[in-house]
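Shown next, in C-alpha cells, is the structure this report addresses.
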Amino acid sequence: MPESAIRDAIEAVLSGMGVESAKIQLERPKDPAHGDLATNVALTLASVLKRQPRAIAEEIAERLDLDAAGVQAVEIAGPGFLNFRLDQRQVAAVLEDVMVAGTGYGRTDVGEGRPIMVEFVSANPTGPLHIGHARQAALGDAIAGLLEWTGWSVSREYYYNDTGVQIDRLAESMWARYQQHLGNDAEIPEGGYPGEYVVELANQFENEVGDRYAGEVTPDALEALRIFAVARLREEQDRDLGDFGVRFDTYFLESSLYENGSVDSTVADLRATGLVYDHEGAVWLKTTEFGDQKDRVMLKSDGTPTYFLPDVAYHMDKWGRGFEHVINVQGSDHHGTVARVRAGLQALGLPRGYPEYVLHQMVRVERDGKEVKFSKRSGFMVTLRELFEQVGVDVTRYLFQWRKPEAQLVFDLDLALDQSEKNPVYKIQYAHARMCSIFRKAGVDLEDGAVARADLTLLTHPTELELIKRLTNLPGLIERAAELRAPHLVCDYLEQLAGAVNSWYHAGNPSRNPKLAVLVDNPELSSARLALTRSVQIVLANGLAVLGLSAPKRMERKEAPS
RNA sequence: GUCCCCGUAGCUCAGUUGGAUAGAGCGACUGCCUCCUAAGCAGUAGGUCGCAGGUUCGAUUCCUGCCGGGGACGCCA
C-alpha cells in the first residue's frame with residue numbers, strides 16, 4: 001500500500017514537470033539511513049530532461065504532496081536519490097496485514113490459477129534414490145511450493161523410465177543374484193547393478209517362486225525378474241520420497257507411451273512434417289532446423305526408437321493435458337537433451353522454448369573435509385534415505401535448497417549434524433521456537449485477539465522498525481524467487497531474518513535489558529511487542545512452509561549420532 | 001574443437017533484474033554471559049567482485065575476448 005501511494009504522488013509531480021509515463025522504481029534500501037523506500041527516478045530522467053539529477057530530485061521533493069504519499073519526510077542523497085521515510089502509522093499497519101493474513105501472508109496471485117507442471121526426480125526404477133535425487137527432490141518440491149504460493153495450480157509429476165537398456169541390465173543383475181542364491185555360478189553383467197539391494201530382491205523373489213527359473217536364462221525368467229524388481233523398487237522409491245515429505249500428483253510410466261501407441265503416432269506426426277530422412281539405415285529428424293547442433297536419430301537401424309522419441313511423445317502428452325507451462329528439473333548432465341527435445345516439439349508445432357528446464361549441478365558429500373562416496377546398499381552413492389535418517393528431513397531438504405541449482409554443491413555432513421545455530425536450519429527454527437516460547441511465557445494464545453488489536457505505533461525502537469521492514473519483504477521475495485525458480489533466495493531471506501530476530505530477542509533479555517523485553521510491565525507496550533512477536537512467528541513459519549519445512553513450536557535436541 | 005554452468009573475504013556462498021560505503025555464515029581475533037530456551041551474546045579484522053576491453057551519468061550485474069574449474073557433445077538414458 002505505501003508503495004502505490006508514493007508512486008502516485010511522484011507521478012502527479014512528474015506530469016506537472018512535463019514527464020509522462022516515467023518508469024518509477026521503488027526499492028527498499030539496505031541501509032536504514034537511506035529511509036524506508038527510495039527511488040532513482042531523478043537519475044533515470046537526467047538524460048531525458050537534460051538536467052542535473054540532483055536538481056530534478058530537488059524539484060520533485062519540493063512539489064511532492066507528503067500527506068497523500070503517506071510519507072513523513074523526503075530527503076535527497078548521493079547523486080540524486082530520493083529517500084522516503086514513512087509515517088509511523090504506515091510502518092505499523094503492515095503488522096496488521098501480517099496478522100490478518102496469518103498462514104496466508106506472503107501469498108500472491110500472479111499465477112491466476114493457471115496450471116503448471118513441475119516434473120522432478122524421475123529416476124529409473126533400477127535402484128534406491130541417491131544423493132543426486134535428493135537434491136532434485138528438495139529443489140523440485142520447493143519450486144512447486146513457490147509456484148503454489150504465487151497462485152499457480154501446480155501438478156507434481158514423476159516420470160518412470162521403466163523400459164530400455166537400464167531395465168534390461170537390472171533384470172540380468174537380478175538373474176545373477178537369483179542364481180547365486182540358488183547356489184549356481186553367475187556374474188553381474190557389465191554395466192549391471194552390484195548393490196546389496198539386488199541381492200535382497202533376488203532373495204525375496206526366490207521366496208515367492210522358489211527355483212522355478214533355475215538353469216538356463218530364458219526370456220520368461222528375465223521378464224518375471226524385471227517385473228518383480230521394478231515393482232519393488234518403485235515402491236521403495238515412493239516410500240523414500242514420502243518419508244522425505246515429497247508427494248506427487250501423477251506418476252507417468254514411459255512404457256505407457258509404447259502401449260497406447262503415442263510413440264508410433266509421434267513417428268507418424270514427425271514424418272508428416274517432412275523433416276524426417278533416412279541415413280545409413282537409421283531414421284533422422286532435422287533438429288538443426290530449430291537450433292540443435294546436429295540432427296538426431298529417432299529410430300535406430302535396428303528399428304527401435306532412441307530415448308529421444310518417447311521424450312518427445314511424453315512432452316506432447318503434457319501439452320495435450322493442458323500444461324502450457326512445464327518445468328523439468330533435471331541434472332545438468334541432461335543438458336544435451338534440452339535442445340533436441342525442444343526441437344522435436346517445435347517441429348510438431350509447440351512453442352519455442354517449451355518446456356522450461358531447471359538444471360542442477362552435481363552433489364558431493366563431505367565429512368571432515370573428505371568426500372563420502374560409497375553406500376554398500378546402493379552399490380555406489382549415498383542414498384537419500386541414509387542421508388535423511390542420519391541428519392533429519394528438514395536439514396537435508398534445506399541444505400539442498402540453499403544453493404542455486406546451477407552451482408555445484410557440497411553437502412557438509414559435519415554442518416548437517418551440528419545442532420547449534422551454526423546450522424542454518426536450526427538457526428531459523430530456533431528463532432521461530434523462541435517466538436512461540438515468549439507467548440507461552442506470557443500465557444497468551446498465538447491468535448489472541450487483544451494482541452491483534454494492539455496499538456502498533458508504540459513500536460518505535462530502531463531494531464523493532466528494522467524487523468518490521470524485513471517482514472514486509474516476504475510477499476515480494478516469494479514472488480521473485482518463484483519467477484526465478486530460485487528457492488535459495490528464500491533460504492537467504494530466512495537466515496537474514498532469523499539473524500535479526502535472534503539479535504532482537506537477545507537484546508530484550510530481561511535480566512540484562514528489561515526495558516527491551518517483550519513482556520514488560522506496561523501492558524500496551526507489551527501487547528504491541530507481542531504483535532510483533534506474532535508477526536515474526538508467522539513470517540518465519542510461512543517461509544519455512546514454502547520450502548516444505550516444519551516450524552517447530554519448541555526445539556528438542558537429539559542425541560548426537562555416533 | 002563446439003556448446004552450457006561457475007569464478008565475489010582464509011573457507012562455503014548471497015547479492016532485490018544497472019545504483020549509494022559489495023553482504024551473510026563458518027574460521028580467526030577481542031570482550032562479555034548462566035538468561036523470555038540451548039556449546040550463547042556483542043564487537044573487530046579480513047575484498048584488484050578471475051583478467052582485459054566496451055556500453056552507460058553510474059558495471060559485481062549487460063556485451064566481446066582471454067584465463068581457470070566443472071559438465072555435455074552416441075544409432076546410451
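Per chain, numbering begins at 1; letters A, B, ... match sequence-line order. Quick note: numbers below take in every heavy atom, side chains included, and nothing from hydrogens, waters or symmetry partners.
- Note: Tyr314(A) and Tyr159(A) have parallel aromatic rings, judged against thresholds of 30 and 60 degrees for the angle between ring planes.
- Residue-to-nucleotide contacts include no donor-acceptor pair under 3.5 Å from the side chain of Asp418(A) to the base of rA39(B).
- The phosphate of rG15(B) (OP1 or OP2) has a side-chain N or O of His488(A) nearer than 4.0 angstrom.
- Among the heavy atoms of the strands lying under 4.0 Å from Ala38(A) is at least one base atom, whether or not backbone atoms are also near.
- You'll find that the side chain of Gln361(A) is closest to rC5(B), out of rU17(B), rC75(B), rC5(B).
- Under the stacking criterion of a centre-to-centre distance below 5.5 angstrom and an interplanar angle below 30°, Tyr505(A) sits stacked against the six-membered ring of rC36(B).
- Residue-level contact check: Leu415(A) touches neither bases nor backbone, having no heavy atom under 4.0 Å from any strand.
- The residues Arg480(A) and Glu483(A) are annotated as not salt-bridged, no charged nitrogen and carboxylate oxygen being separated by less than 4.0 angstrom.
- Relative ring orientation between Phe411(A) and Phe400(A) is described as tilted, the plane-to-plane angle lying within the 30° to 60° band.
- Counting any heavy atom pair closer than 4.0 Å across all strands shown, Gln166(A) reaches sugar-phosphate atoms only and no base atom.
- For Asp492(A), the side-chain atoms get nearest to rA14(B) when compared with the rest of rA42(B), rC3(B), rA14(B).
- Each of rG19(B), rA38(B), rG71(B) was ranked by its minimum atom distance to the side chain of Leu43(A); first place goes to rG19(B).
- A cation-pi arrangement is found for Arg234(A) relative to Tyr160(A), the charged atom lying closer than 6.0 Å to the ring centre and inside a 45° cone about the ring normal.
- Where Trp504(A) and Glu254(A) meet RNA chain B, the nucleotide closest to each residue was compared, and Trp504(A) sits on the side nearer the 5' end.
- One cannot find a donor-acceptor pair under 3.5 Å joining the base of rG71(B) and the side-chain atoms of Asp333(A).
- Between the side-chain ring of Phe81(A) and the base of rG19(B), no stacking contact exists by the 5.5 Å and 30° definition.
- Counting any heavy atom pair closer than 4.0 Å across all strands shown, Ala433(A) reaches a base atom.
- Remark: Lys300(A) is not in phosphate contact with rG74(B), judged by side-chain N or O atoms under 4.0 Å from OP1 or OP2.
- For Lys441(A), the listed nucleotide lying nearest its side chain is rC36(B); candidates were rC73(B), rC36(B), rG40(B).
- At a threshold of 4.0 angstrom between heavy atoms, the contacts of Ala517(A) with the nucleic acid are absent.
- Summarising the geometry of Asn423(A) relative to Leu415(A), their closest heavy-atom pair is ND2-O, 3.0 Å, with the distance given to 0.1 Å.
- Looking at heavy-atom distances under 4.0 Å, Arg403(A) makes contact with a base.
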What dot-bracket string describes RNA chain B from 5' to 3', counting Watson-Crick and G-U wobble pairs whose defining distances are under 3.5 Å, with [ ] for crossing pairs and | for pairs to another strand?
-> (((((((..((((.....[...)))).(((((.......))))).....(((((..]....))))))))))))....
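- For Gln293(A), whose side chain is taken as the heavy atoms from C-beta onward, the closest listed nucleotide among rG19(B), rC3(B), rC36(B) is rC3(B).
- Contacts of Asn423(A) with the nucleic acid, taken as non-hydrogen atoms under 4.0 Å apart, are absent.
- Counting any heavy atom pair closer than 4.0 Å across all strands shown, Thr304(A) reaches no nucleic acid atom.
- Within the 4.0 Å cut-off from OP1 or OP2 of rA72(B), not a single side-chain nitrogen or oxygen of Thr337(A) is found.
- Within the nucleic acid shown, Arg296(A) has no heavy atom closer than 4.0 Å to any nucleic acid atom.
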Going through the distances and angles, do His488(A) and Gln401(A) end up as a side-chain hydrogen bond (donor to acceptor under 3.5 Å, both in side chains)?
-> CA-CA 5 Å; His488(A) 73 281; Gln401(A) 290 162 343; over 6 Å; no
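- Put simply, Lys422(A) has a side-chain N or O that comes within less than 4.0 Å of OP1 or OP2 on rG27(B).
- Taking the side chain of Ala407(A) as heavy atoms from C-beta on, and the options rG19(B), rA14(B), rC5(B), the nearest nucleotide is rA14(B).
- Between Asn83(A) and Leu299(A), the one whose closest nucleotide on RNA chain B sits nearer the 5' end is Asn83(A).
- Using a 4.0 Å cut-off, some side-chain N or O of Ser437(A) falls inside it from OP1 or OP2 of rU37(B).
- Rounding to the nearest 0.5 Å places CG of Leu459(A) at 5.0 Å from CD of Glu464(A).
- Using a 4.0 Å heavy-atom distance criterion, Gln330(A) is classed as making no nucleic acid contact.
- Nucleic acid contact class of Phe308(A) (heavy atoms, under 4.0 Å, all strands): none.
- Glycosidic conformation, rU17(B): syn, with the torsion inside 90° of 0.
- Counting non-hydrogen atoms under 4.0 angstrom, Leu489(A) reaches the backbone sugars and phosphates but no base.
- Taking the six-membered ring where the residue is Trp, the centroids of Trp284(A) and His279(A) are separated by under 6.0 Å.
- Residues Tyr158(A) and Phe120(A) place their aromatic rings such that the two centres sit no closer than 6.0 Å.
- Nucleic acid contact for His506(A): sugar-phosphate only, since backbone atoms but no base atoms lie under 4.0 Å from a heavy atom of the residue.
- None of Val358(A), Ile143(A), Val329(A) except one satisfies the side-chain contact (heavy atoms from CB on, under 4.5 Å) rule with Pro405(A); the exception is Val358(A).
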